[in-house]
Chemist: 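My questions all concern the structure below.
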Amino acid sequence: MNTYDREILRLALPSIVSNVTVPLLGLADVAIVGHIGDERYIAAIAVGSMIFNVMYWLFAFLRMGTSGLTAQAYGAGRAGLTSAVLRQSLQVALGAGLLIILLQWPLRHVAFWLMGATPDVERLAIPYFNICVWGAPAMLGLYALTGWFVGMQNTRIPMAVAIGQNVVNILASLVFVFGLGMQVEGVALGTVVAQWAGFAGACWTGWKVYGRRGAAEPCGDDERLSASKFFHINRDIFLRTLCLVAVNLYFTSAGARQGAMMLAVNTLMMQLYLLFSYFLDGFAYAGEALAGRYYGAGDGDSLRRVVRHLFGWGGLMVVLFTLLYWLGGNTFLHLLTSDAAVVQAAADYYGWALLIPLCGMAAFVWDGIYIGITATRGMLLACFTASLVFFALWFLLGPVWGNHGLWVALLAYLFARGVVQTALFRNQLS
């Protein structure tokens with residue numbers, strides 16, 4: 001194993017562990033409410049979770065932009081600039097979190113109107129929203145801190161924080177739901193408790209590791225972060241995120257309009273998508289750190305080598321996950337819910353899950369590389385083009401194939417992102 005593979009694995013493995021805890025947490029939430037005995041609880045968690053995913057995805061630049069800018073400053077040896085990036089990102093994150101709390105009532109009204117869930121599902125999802133909204137500052141603050149740690153070539157701290165946060169979340173949800181007899185509200189309370197615990201743990205750990213090394217010292221005039229550069233990069237990421245949000249929101253909404261059963265089916269299937277995407281994001285995080293580091297240091301040869309090795313690892317993951325989904329499909333669905341009707345309905349669509357790794361790998365790996373070199377305009381162009389592909393295919397195939405057409409559109413969207421990013425890198429960025 002050469003130096004580049006060792007560096008990739010050093011950064012990717014802790015990121016994989018921390019990222020995998022995210023879909024595993026979603027699986028735990030679905031499994032907890034899935035064993036209450038009614039598909040409406042699964043659907044309510046799906047709707048409530050999607051609403052917060054939408055809001056938080058809109059602020060994904062807090063992690064991505066912070067990671068790329070920090071990695072480049074680290075590669076250039078500008079310690080003061082890394083500190084300036086963190087301060088500016090945290091200020092934006094905490095301010096945005098407080099704004100979400102202040103605007104929670106109009107946000108809730110608009111969000112549920114857009115989701116278009118059935119009245120029974122909405123009635124169960126509203127208490128989930130009312131509780132989870134209080135974790136917004138902690139979640140956005142964690143975005144900024146995680147991006148900064150990755151840019152500093154340190155993925156072990158985010159791993160430790162993610163593991164601790166998710167253990168707290170699962171244990172708290174189990175206590176609230178099965179110990180205290182709560183339902184959706186118990187899952188929501190567990191989420192909020194874990195979010196604030198994770199943010200506090202990240203702040204404390206970051207100070208212990210970096211605060212005493214001078215990383216938090218004020219920087220000179222020549223190492224201040226340009227506000228225009230910060231917002232220019234994050235503007236492109238924000239617009240790109242809007243495209244992601246539009247596709248994911250519409251995917252869930254299209255399932256909801258087909259009834260609680262089909263929404264529950266798509267929720268189970270999306271856990272497979274999330275499991276693979278968060279796993280591949282471990283290598284994307286390695287790409288952010290290493291691509292940004294070599295770009296900031298002006299080492300183009302190492303940057304190209306890292307790109308090749310990242311795609312080698314991505315190809316290996318495609319083979320492993322395709323085999324995993326092929327061999328363990330029915331067992332996996334039964335782990336998520338004891339509702340035989342939901343499992344039977346999901347089995348009809350399980351074949352599409354086998355194509356998720358093949359269609360999505362390139363998009364996930366390129367995202368990390370583009371973030372590291374802050375080629376945010378290319379990311380925006382690729383995602384916008386792929387979103388057009390998604391909506392075009394859905395409106396063509398949906399009336400004929402129904403939910404099958406929805407999954408075809410989603411897979412084509414993933415594949416198109418990778419194709420466009422590959423073409424842009426070869427023709428322009430390389």
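Fair warning: this is a prediction, and the values are worked out from it, not measured in the lab.
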Chemist: With a 3.5 Å distance limit and no angle check, can you tell me whether Ser67 reaches the backbone of Arg63 through a side-chain donor-acceptor pair?
Modeler: no

Chemist: Over 60° means perpendicular and under 30° means parallel, so classify the ring planes of Phe52 and Tyr56, tilted if in between.
Modeler: tilted

Chemist: Using modelled atom types only, decide if a donor and an acceptor are shared between the side chain of Asp281 and the backbone of Ala284 within a distance under 3.5 Å.
Modeler: no

Chemist: Donor-acceptor pair, distance only, cut-off 3.5 Å: does the side chain of Glu288 make one with the backbone of Gly151?
Modeler: no

Chemist: Do side-chain atoms of Thr191 reach the backbone of Val187 as a donor and acceptor pair under 3.5 angstrom?
Modeler: yes

Chemist: Between Gln91 and Gln88, is there a donor-acceptor pair closer than 3.5 Å when you use the side chain of the first and the backbone of the second?
Modeler: no

Chemist: Please check this pair: side chain of Tyr294 against backbone of Gly75, looking for a donor-acceptor N/O pair closer than 3.5 Å.
Modeler: no

Chemist: Please check if the side chain of Ser253 supplies one atom and the backbone of Tyr250 the other of a donor-acceptor pair under 3.5 Å.
Modeler: no

Chemist: Strictly distance-based, threshold 3.5 Å: is any side-chain N or O of Gln72 a donor or acceptor partner for the main-chain N or O of Gly372?
Modeler: yes

Chemist: With ring-ring contact (aromatic ring centres under 6.0 Å, His included) as the test, pick out the partner of Phe276 among Tyr325, Phe321, Phe283.
Modeler: Phe321

Chemist: Looking at side-chain heavy atoms only, is the closest gap between Arg240 and Arg377 below 4.5 Å?
Modeler: no

Chemist: Ring centres of Tyr273 and Trp407 under 6.0 Å apart?
Modeler: no

Chemist: Under the side-chain contact (heavy atoms from CB on, under 4.5 Å) rule, what do Leu140 and Ile100 come out as? Steps first, then yes or no, please.
Modeler: CA-CA 11 Å; Leu140 298 183; Ile100 289 174; 4.2 Å; yes

Chemist: Show, in sequence, the C-alpha distance, side-chain angles and deciding distance for Arg293 and Asp299, and conclude whether the salt bridge (charged side-chain N to carboxylate O under 4.0 Å, His left out) test is met.
Modeler: CA-CA 9 Å; Arg293 169 182 163 188; Asp299 189 350; over 6 Å; no

Chemist: Between Phe61 and Phe238, how do the two ring planes meet: parallel, tilted or perpendicular, split at 30° and 60°?
Modeler: perpendicular

Chemist: Without swapping roles, check the side chain of Thr241 against the backbone of Leu58 for a donor-acceptor pair under 3.5 Å.
Modeler: no

Chemist: Decide if the gap between the ring center of Trp394 and the ring center of Phe251 is smaller than 6.0 angstrom.
Modeler: no

Chemist: What orientation do Phe391 and Phe395 show, parallel under 30°, tilted 30 to 60°, or perpendicular over 60°?
Modeler: parallel

